[in-house]
Amino acid sequence: MMSADYNDISNNLTNDITAFLDLEQDLVDRMGDCPNVERKTHGESLLWRTIESRNGWVLQQRTLSQKARIVGEDGRQKGNGSIAAMREKMDRLMADAFVRPGDVIGVSRRLYEHYGIYVGAGRVIHYAGEGGDFGGRVSVHEAPIEDFVKEGEDYFVVSFAPGFPIKLRSATSFFFHGIMDYYGERFQQQEWDVFSPEETVQRANSRLGEEKYSLIHNNCEHFAIWCKTGKAQSSQVRQVAGYVLAAGVDMDGIAENREDVEAYLASSVDI
């Protein structure tokens, strides 16, 4: 009887652990690049095995799951997340520059995120105002990456390597930046086709000078995602609209007036 009880407990525990790891893995896959604290590691162990090694950098997989981590040549953990995300992040960290021409690039402004297309030579094409993201005449124009990032050097690029969009942070130590750190499942679970880097840059250049900014239908994220995928999609319409109203932003360069935005926020429609 005791043996049967033990087997039942053991089987139930195994099932619970498997279910937990499956649930965690789904979350890790959707996050891609998980919050990380750069710290010293102890190389291979019972918990981590090396799956790729290049020039002193190591990509390791956790023994009990598909979670991966990056170990730099200094032996410190530079990132952790899904295998696809960590493989690409390691490539970028080892390169001369993290961002590449044709990338969708974004930066957290805490309450919303600002997007653009990196076109090379330290330049970004984005939909923004002359005096800031929303201030002054709002148009598609080119700017130095320093002006785009503003307060710091940390930014993210949008990767479609897993077959859906995830954000790869340029930082190797980060916790959470704002309320839009990760894409929702509904946004990710669309069918995504991407243009080549060259085509993406061409598409961004084709809209230079455009002045048809709309919070709800044509914001900076709509523009950047369209350049890369052909879909004018935004994961953060409600957050951006709410921020603009709460901050009292001058809406002279925006297609909607304040009443339009208030009506959208009061509706249950998602764009």
Side-chain angles (χ1 to χ4, degrees), residues 26 29-33 81-89 91-92 95 97-109 112-120 123-128 133 138-143 145 148-149 155-170 177-178 180-241 255 269-271:
D26 179 65
D29 288 342
R30 290 197 294 109
M31 293 172 74
D33 190 4
S82 68
I83 292 177
M86 291 301 97
R87 179 170 278 119
E88 181 175 348
K89 183 163 184 171
D91 287 344
R92 290 175 178 272
F98 191 84
V99 64
R100 302 165 179 168
D103 278 343
V104 176
I105 182 173
V107 60
S108 173
R109 303 282 197 243
Y112 68 95
E113 292 175 338
H114 186 54
Y115 284 75
I117 297 295
Y118 184 71
V119 295
R123 310 287 292 181
V124 176
I125 294 178
H126 62 148
Y127 224 139
D133 295 343
V138 182
S139 67
V140 177
H141 63 273
E142 189 175 308
I145 192 171
F148 177 85
V149 175
Y155 56 85
F156 62 85
V157 297
V158 180
S159 169
F160 290 84
F164 52 83
I166 58 170
K167 300 170 187 175
L168 298 178
R169 301 278 173 186
S170 62
H177 292 75
M180 294 298 297
D181 278 339
Y182 297 100
Y183 291 124
E185 191 171 3
R186 181 178 174 186
F187 183 76
Q188 288 179 320
Q189 287 184 343
Q190 305 177 61
E191 290 191 12
W192 296 98
D193 295 313
V194 297
F195 291 103
S196 70
E198 296 77 16
E199 291 171 318
T200 303
V201 171
Q202 289 172 2
R203 289 169 69 82
N205 276 303
S206 74
R207 290 178 61 177
L208 281 170
E210 179 182 297
E211 297 182 39
K212 299 178 181 178
Y213 185 90
S214 161
L215 281 174
I216 298 171
H217 301 289
N218 196 31
N219 65 38
C220 63
E221 187 181 5
H222 287 111
F223 164 73
I225 297 297
W226 174 86
C227 290
K228 192 66 177 177
T229 71
K231 290 184 176 184
Q233 297 275 345
S234 175
S235 63
Q236 57 168 348
V237 174
R238 288 188 175 276
Q239 284 76 13
V240 175
V269 176
D270 281 317
I271 304 298

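These numbers come from a predicted model, not from an experiment.
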Is there side-chain contact between [X] and [Y], with at least one heavy-atom pair below 4.5 Å?
X: Val104; Y: Val157; value: no
X: Gln202; Y: Phe195; value: no
X: Pro101; Y: Tyr118; value: yes
X: Phe164; Y: Gln189; value: no
X: Ile105; Y: Ile145; value: yes
X: Asp181; Y: Arg169; value: yes
X: Leu168; Y: Phe156; value: no

Any sub-3.5 Å donor-acceptor pair from [X]'s side-chain atoms to [Y]'s backbone N or O?
X: Lys231; Y: Glu191; result: yes
X: Gln188; Y: Pro165; result: yes
X: Gln236; Y: Glu113; result: yes
X: Lys228; Y: Gly102; result: yes
X: Tyr182; Y: Ile166; result: no
X: Glu88; Y: Ser159; result: no

Nearest 0.5 Å, what's the [atom1]-[atom2] distance between [X] and [Y]?
X: Asn205; Y: Thr200; atom1: CG; atom2: OG1; result: 11.0 Å
X: His217; Y: Ser234; atom1: NE2; atom2: OG; result: 11.5 Å
X: Thr229; Y: Phe160; atom1: OG1; atom2: CZ; result: 5.5 Å
X: Arg109; Y: His114; atom1: CZ; atom2: NE2; result: 6.0 Å
X: Cys220; Y: Ile117; atom1: SG; atom2: CD1; result: 10.5 Å

Closest approach of [X] to [Y] (non-hydrogen atoms, all atoms of both residues):
X: Gly32; Y: Ala85; answer: O-CB, 3.4 Å
X: Ala224; Y: Tyr115; answer: CB-CB, 3.9 Å
X: Ile125; Y: Val140; answer: CG2-CG1, 3.6 Å
X: Glu211; Y: Ser139; answer: CG-CB, 3.7 Å
X: Phe187; Y: Gln190; answer: O-NE2, 3.1 Å
X: Ser235; Y: Glu221; answer: OG-OE2, 2.8 Å

Aromatic rings Tyr155 and Phe98: how do their planes relate, parallel, tilted or perpendicular, breaks at 30° and 60°? perpendicular

Are His126 and Phe223 close enough, and set up right, to give a ring-ring contact (aromatic ring centres under 6.0 Å, His included), and what steps lead you there? CA-CA 8 Å; His126 62 148; Phe223 164 73; 8.8 Å; no

Carefully, step by step, assess Met86 and Asp33 under the rule side-chain contact (heavy atoms from CB on, under 4.5 Å). CA-CA 7 Å; Met86 291 301 97; Asp33 190 4; 3.5 Å; yes

Using side-chain contact (heavy atoms from CB on, under 4.5 Å) as the criterion, list what pairs up with Lys212, not counting sequence neighbours. Tyr127, Glu210, Asn218

Set of side-chain contact (heavy atoms from CB on, under 4.5 Å) partners for Ser206, sequence neighbours left out: Trp226

Would you mind checking if Arg100 and Asp91 are paired as a salt bridge, meaning a charged N to carboxylate O distance below 4.0 Å? no

